[in-house]
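Just below is one structure, and these are the notes that go with it.
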Protein chains: 2
Amino acid sequence: MPRAGLDPAAVVAAGAALADEVGHTGLTMGLLAERLGVRTPSLYKHVGGQADLNRRIAALALGEAADAVGGAVQGYAGRDALAAAARAFRTYVVAHPGRYAATIGVEPTGPDDPMAASSARLLGAFRAVLRGYDLADSDVDHALRMLRSLCHGFATLQAADGFQWSADVDESFEWLIDFADRGLRAS
Amino acid sequence: MPRAGLDPAAVVAAGAALADEVGHTGLTMGLLAERLGVRTPSLYKHVGGQADLNRRIAALALGEAADAVGGAVQGYAGRDALAAAARAFRTYVVAHPGRYAATIGVEPTGPDDPMAASSARLLGAFRAVLRGYDLADSDVDHALRMLRSLCHGFATLQAADGFQWSADVDESFEWLIDFADRGLRAS
DNA sequence: GCTTTTGGCTAACTTCATTAGCCAAGGGGG
DNA sequence: CCCCCTTGGCTAATGAAGTTAGCCAAAAGC
């Protein structure tokens, strides 16, 4: 039996890709093993189990999202930066719904958890957007939570097909960016 | 063996309560059966299975949330109505995280699905709040999605312990209400 | 070339959801 | 009061999924 040449990173990457295809809840160890051309128990040589796999996928997704948002913001400030960040975030979540779903409800286990670092990077990218607005120091954390709630809420509702009525979703999202910009400038 | 006197409503109510205790993912048919003093297969005389149970819990939760929000809004308009609605919604989700989690990612199966009616009632309660603002007709749907994203995002992030840094969560939520009010009045 | 670690494997166990099929409890009509 | 029949329990069995134990060959290091 020739070796498959797997390592943790390859398993996690394949798991993330599979989650995007079949949905977070549809991701099973058996399906992932089949995709990798390997029997299920072999996966346990690379990841600790389903919970560990999920945590690693979450760290990957948060890092990718941070890169996407951070990159999109480069060179912009104020409303442009806000719009770029929000669009990049939503684009990422809609393109990778399975990975992103893996991030919901997982907390970092400790200070050296790679998830904590990725999460902090994503937060930092949004914090950079807020520097383009004239906010009191005490308002920055609140504004950050607001932005995160808004983006997370919209993206997950859209990913879950939660907008059932008729108006155009892209148009709503642009409206929402305008709305946030107005609110932040009026702070 | 004496009868337990169950019916679908009792099973759903117990399932919702159990989901709030052990979390949406921790709710199993076996645990629910044990809670009701019955063997697992007996539940299938009252609900179609786990998916059906989840759908019914979701319908219950949306209806309860609609009642909470609708009731809280009574007699208020404008900023007061917005604040009352947002607080009622968040209070409900934080008090019933398991039930509310059951509503994510389920779509009504048909027009006579009770979930559709509950969902519409909740939406209607938020729509009533928006009547206190001077919005163009074309903006109402967008504003509704914005409100829903904001409330849903904040409540689920909080329920998932997603706010890891230090600032006070209640204070952030009040800030968020102010923010939404400013943005809506500036439309 | 030998040894050690590594990464496959099969087999077995556990937990859950679900189905099949049995059987008593309880209600309605003779 | 008794019979019947629907209803709501039950046990037993099946199947999927996660996980563990333990074997064994392939690579890697000396």
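Lettering follows sequence order; numbering is per chain, from 1. Any value given below was found using the heavy atoms of this structure, including those in side chains, with hydrogens, waters and symmetry copies removed.
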Quick one: [X] [atom1] to [N] [atom2], roughly how many Å, whole number?
{"X": "Leu6(A)", "N": "dA26(D)", "atom1": "CG", "atom2": "C1'", "answer": "14 Å"}
{"X": "Glu34(B)", "N": "dT15(C)", "atom1": "CD", "atom2": "C1'", "answer": "14 Å"}
{"X": "Arg39(A)", "N": "dT20(D)", "atom1": "CZ", "atom2": "C1'", "answer": "17 Å"}
{"X": "Leu18(A)", "N": "dA17(D)", "atom1": "CG", "atom2": "P", "answer": "12 Å"}
{"X": "Met29(A)", "N": "dA17(D)", "atom1": "CE", "atom2": "P", "answer": "13 Å"}

Query raised in the report: Any salt bridge between Asp52(B) and Arg56(B), counting N to O under 4.0 Å?
Result: yes
Query raised in the report: Would you say Leu27(A) and Ile104(A) are hydrophobically clustered, going by side-chain heavy atoms of ILVMFWY under 4.5 Å?
Result: no
**Report entry** Joint hydrophobic cluster, Val93(B) plus Leu18(B), side-chain heavy atoms closer than 4.5 Å
**Finding:** no
Query - Contact residues, residues 41-56 of chain B to DNA chain C [heavy atom, < 4.0 Å] - result: Pro41(B), Tyr44(B), Gly49(B), Gln50(B)
Requested in this report: Report the relative orientation of the aromatic rings in Phe89(B) and Phe126(B); use parallel for angles under 30°, tilted for 30 to 60°, perpendicular for over 60°.
Outcome: perpendicular
Report task. Grab the two heavy atoms, one from Val69(A) and one from Ala125(A), that are nearest each other, plus how far apart they are. Result -> CG1-CB, 3.7 Å
Query raised in the report: Which salt bridge (Lys or Arg N to Asp or Glu O under 4.0 Å) pairs, counting each pair once, include a residue from residues 74-91 of chain B, with sequence neighbours left out?
Result: Arg79(B)-Asp178(B), Arg87(B)-Glu174(B), Arg90(B)-Asp170(B)
